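Please read the structure below before turning to the comments.
Bear in mind the structure is a predicted one, so any value in this text is a computation, not a measurement. In each ligand, atom 1 is the first atom listed, and ligand 1 is the first ligand listed.
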Amino acid sequence: MIKTSSISNLKIIMRKYNLYPKKKWGQNFLIDDNIIRKIIATAGISSDDYVVEIGPGLGALTQELAKVAKGVLSIDIDKNLKEPLYEILTPYDNCQLLFADILNIDIAQVLSDSFKLEKDISYRVCANIPYNITSPIIFNLLENSSHLKSATLMMQKEVATRILAKPNSKEYGLLTIMVAYHAKAELGLQVSKNCFYPKPEIDSTVINLIPYDEPVINVADEKLFKDFVKSAFQKRRKTILNISSDFFKMEKDIANNILDKAKIKPLDRPENLSIDDFANLVNAFTS
Ligand code: SAH
């Protein structure tokens with residue numbers, strides 16, 4: 001068996017199949033067994049779990065996922081990885097591969113097709129994802145999360161910091177609120193850039209997202225809530241009074257009264273508002 005989490009084996013495989021790491025697809029391969037073990041532990045996978053891996057690369061994480069999960073579906077965009085991955089994953093008969101763009105597929109559907117399962121099977125996601133599409137991947141997962149038990153994702157540290165940010169900080173913003181609306185976000189572990197080949201310029205962080213079964217934030221109109229939050233953080237230096245009166249097309253004094261009723265200080269900036277404040281605000285303006 002070829003363990004691709006070692007830099008020497010990785011290079012042997014790459015030479016054998018004439019591969020080179022492709023920047024456009026964010027190919028930075030994990031070469032640290034200890035980190036791989038910790039990622040698997042963070043994901044809390046048990047032997048009856050189906051796991052979807054986004055971007056298996058040359059299978060370093062895949063091999064370990066296959067040892068703990070009931071089934072692993074690994075989805076990569078790079079068809080040149082097909083042959084080497086089949087070789088690397090030969091010992092694991094609970095592993096399926098699919099070559100497609102993760103942003104263009106229905107994950108629950110391809111998982112049930114691959115393993116011939118019921119459509120409503122729940123699954124976990126565990127992956128070192130391509131960093132150039134971190135936000136679209138997260139939005140996709142969370143907006144279609146009815147069967148998603150958890151997503152354990154390695155991403156660039158800066159994005160993880162935004163997801164985990166608290167109000168009144170410069171990292172707090174649209175991404176923080178969008179994620180918090182759908183899921184509980186927890187810090188998993190920090191990962192040094194030395195754990196990858198080729199070595200990226202930035203450090204990484206693993207976070208765990210656990211979608212809520214029922215919404216915990218009470219919003220009357222989800223789309224309006226999201227549109228308002230987006231618009232607010234596009235003007236993060238403006239007061240919430242100006243932002244609200246623009247967005248809802250209302251005179252300032254009327255907007256002021258509504259903010260008062262929602263117990264929001266009109267001169268606060270978007271970063272001072274909690275997710276509950278945003279929900280109360282939008283509900284107050286639309287009731
Ligand atoms: N998980 C591997 C590789 C991570 S690199 C490891 O840790 O070693 C990111 C991987 O995502 C690459 O294999 C790349 O080909 C794949 N990828 C990039 N864009 C993708 C997309 N849109 N859909 C699916 N996979 C993608």
> After noting the C-alpha distance and the side-chain angles of F29 and F196, does the key distance pass the ring-ring contact (aromatic ring centres under 6.0 Å, His included) rule?
Replying inline: CA-CA 5 Å; F29 304 114; F196 302 88; 9.8 Å; no

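Between F278 and F233, the ring planes lie tilted relative to each other; the angle falls in the 30° to 60° range.
For the residue pair N168/E271, the side-chain donor-acceptor check at 3.5 Å is not satisfied.
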Present, as a list of atom pairs with distances to 0.1 Å, all nitrogen or oxygen contacts under 3.5 Å between ligand 1 and the protein.
unit_1: ligand 1; atom_1: 1 (N); unit_2: G55; atom_2: O; d: 2.7
unit_1: ligand 1; atom_1: 7 (O); unit_2: N128; atom_2: ND2; d: 2.7
unit_1: ligand 1; atom_1: 8 (O); unit_2: L30; atom_2: N; d: 2.9
unit_1: ligand 1; atom_1: 13 (O); unit_2: G57; atom_2: N; d: 3.2
unit_1: ligand 1; atom_1: 13 (O); unit_2: D76; atom_2: OD2; d: 2.6
unit_1: ligand 1; atom_1: 15 (O); unit_2: Q27; atom_2: NE2; d: 2.9
unit_1: ligand 1; atom_1: 15 (O); unit_2: D76; atom_2: OD1; d: 2.6
unit_1: ligand 1; atom_1: 22 (N); unit_2: D101; atom_2: OD1; d: 2.9
unit_1: ligand 1; atom_1: 23 (N); unit_2: I102; atom_2: N; d: 3.0
unit_1: ligand 1; atom_1: 25 (N); unit_2: I77; atom_2: N; d: 3.2

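A distance-only check finds no donor-acceptor pair linking the side chain of N280 to the backbone of A262 [under 3.5 Å].
The six-membered or imidazole ring of F285 lies away from that of F228, with a centre-to-centre distance of 6.0 Å or more. Close placement of the F225 and Y181 rings is indicated, their centers lying within 6.0 Å of each other.
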